[in-house]
Amino acid sequence: MATYGETSRRKLFGRDRSIHAALGGGKVADVLLWRDKSVSAGILVGVTVLWFLFEVAEYNLVTLLCHMFITKMLAIFIWGTCAEFFKLSPPKIPLNVLDEQTFQRAAIAIHRKFIALVSLLIYVACGNDLRLFFSAIAILSVLSIVGNYISFINLLFFGFLVMETVPFLYERYEDDVDYIVGKMVRELKENFRRFDSNVLNRIPRGPTKDRKVK
């Protein structure tokens with residue numbers, strides 16, 4: 001692999017950990033980095049099948065769930081009937097597929113991410129960081145334009161494909177990506193410094209009042 005000196009040693013986003021550790025270092029990181037290829041491929045195939053059913057075959061969620069339950073009930077009924085007829089052991093089906101703590105942990109994780117996102121948007125909207133403010137406006141504008149042409153299911157499927165491919169490819173070509181992205185970031189920072197000095201700093205602002213400390 002090509003070497004680029006000191007520039008290639010700077011990790012993406014300024015991190016000092018491996019990509020596996022940055023992704024949590026658990027089963028999710030193993031799946032995203034294809035450490036267990038059978039599990040990663042199975043999840044990718046399953047999500048692709050769901051996308052095909054909803055987007056291409058235009059299945060309705062309620063219809064799909066009903067057909068899944070009907071198929072499962074018929075399979076259990078046939079299995080149990082054949083087991084009783086041929087003197088075989090009946091099917092053993094666990095009643096608790098996922099315990100309550102799993103749902104609670106998932107809900108807590110989603111809640112924390114949502115609160116962190118809302119807090120960041122409020123912080124940026126208050127004008128504390130002009131760079132983040134304009135970046136957030138640009139990202140939200142791009143997403144709003146993309147939302148007019150891409151359905152929500154396609155957007156989720158595309159996001160899943162990115163999660164399943166980008167971390168794996170980045171781990172394989174980490175030094176090359178760090179060098180290229182580092183070069184692009186330096187050029188963007190230079191352009192933003194020019195924009196800041198030529199445009200933002202010339203915007204008139206009201207006088208700032210010092211807060212009184214009680």
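The first residue of the sequence shown is numbered 1, and numbering continues consecutively from there. This is a predicted model, so every value here is computed, not measured.
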Inset, instruction - Rounded to the nearest 0.5 Å, what's the gap from CG on Leu64 to CZ on Phe69? Could you check? - result: 10.0 Å
Inset, instruction - Check the pair Phe158 / Val162 against side-chain contact (heavy atoms from CB on, under 4.5 Å), numbers first and verdict last. - result: CA-CA 6 Å; Phe158 177 75; Val162 171; 3.9 Å; yes
Legend entry - Interatomic distance, Asp176 atom CG to Leu169 atom CG [nearest 0.5 angstrom]: 12.0 Å
Inset, instruction - For residues Tyr170 and Asp178, report the shortest heavy-atom separation together with the two atoms involved. - result: OH-OD1, 2.6 Å
Legend entry - Tyr59: side-chain hydrogen bond (donor to acceptor under 3.5 Å, both in side chains) partners, not counting sequence neighbours: His67
Inset, instruction - Without swapping roles, check the side chain of Ser144 against the backbone of Ser141 for a donor-acceptor pair under 3.5 Å. - result: yes
Legend entry - Atom pair CG (Asn191) and NZ (Lys189), whose distance is rounded to the nearest 0.5 Å: 13.0 Å
Legend entry - Hydrophobic cluster membership, Trp79 vs Met73, 4.5 Å side-chain cutoff: no
Legend entry - Expected output: side-chain Trp34 to main-chain Glu164 donor-acceptor under 3.5 Å: yes
Legend entry - Closest non-hydrogen atom pair between Glu55 and Ile153, with its separation: OE1-CB, 3.8 Å
Inset, instruction - Following the transitive rule for hydrophobic clusters with a side-chain heavy-atom cut-off under 4.5 Å over Ile, Leu, Val, Met, Phe, Trp and Tyr, establish whether Leu156 and Val31 coincide in one cluster. - result: no
Inset, instruction - State plainly whether one hydrophobic cluster holds both Phe152 and Leu143, where clusters connect Ile, Leu, Val, Met, Phe, Trp and Tyr through side-chain heavy atoms under 4.5 angstrom apart. - result: no
Inset, instruction - Provide the closest heavy-atom pair for Leu33 versus Pro167 in the form atom of the first, atom of the second, distance. - result: CD2-O, 3.4 Å
Legend entry - Crowding at CD, Glu58 (>12 non-hydrogen neighbours, <6.0 Å): no
Inset, instruction - Kindly compute the distance separating CZ (Phe134) from CD1 (Ile137), expressed to the nearest 0.5 Å. - result: 8.5 Å
Inset, instruction - Identify whether Phe54 and Val49 are in the same connected component of the hydrophobic contact network (ILVMFWY, side-chain heavy atoms under 4.5 Å). - result: yes
Legend entry - Residue Phe160 excluded, over 12 heavy atoms near CZ under 6.0 Å: yes
Inset, instruction - Considering non-hydrogen atoms only, spot the tightest contact between Tyr149 and Ile145 and give its length. - result: CD1-O, 3.1 Å
Inset, instruction - May I have all residue pairs that pass side chain to side chain donor-acceptor pair (under 3.5 Å) and include part of residues 107-120, sequence neighbours excluded? - result: none
Inset, instruction - Give a yes or no on whether Ile122 and Ile115 share a hydrophobic cluster (residues Ile, Leu, Val, Met, Phe, Trp, Tyr; joining criterion: side-chain heavy atoms under 4.5 Å apart). - result: yes
Inset, instruction - Quick one: closest heavy-atom pair of Asn154 and Ile150, and the distance? - result: CB-CG2, 3.4 Å
Legend entry - Any Asp30 side-chain heavy atom under 4.5 Å of Asp36 side chain: no
Legend entry - Separation of Thr71 OG1 from Ile76 CD1 (nearest 0.5 Å): 11.0 Å
Inset, instruction - Rounded to the nearest 0.5 Å, what's the gap from CZ on Phe168 to OH on Tyr173? Could you check? - result: 8.0 Å
Legend entry - Heavy-atom pair with the smallest gap, counting every atom of Leu161 and Leu44: CD2-CD1, 3.6 Å
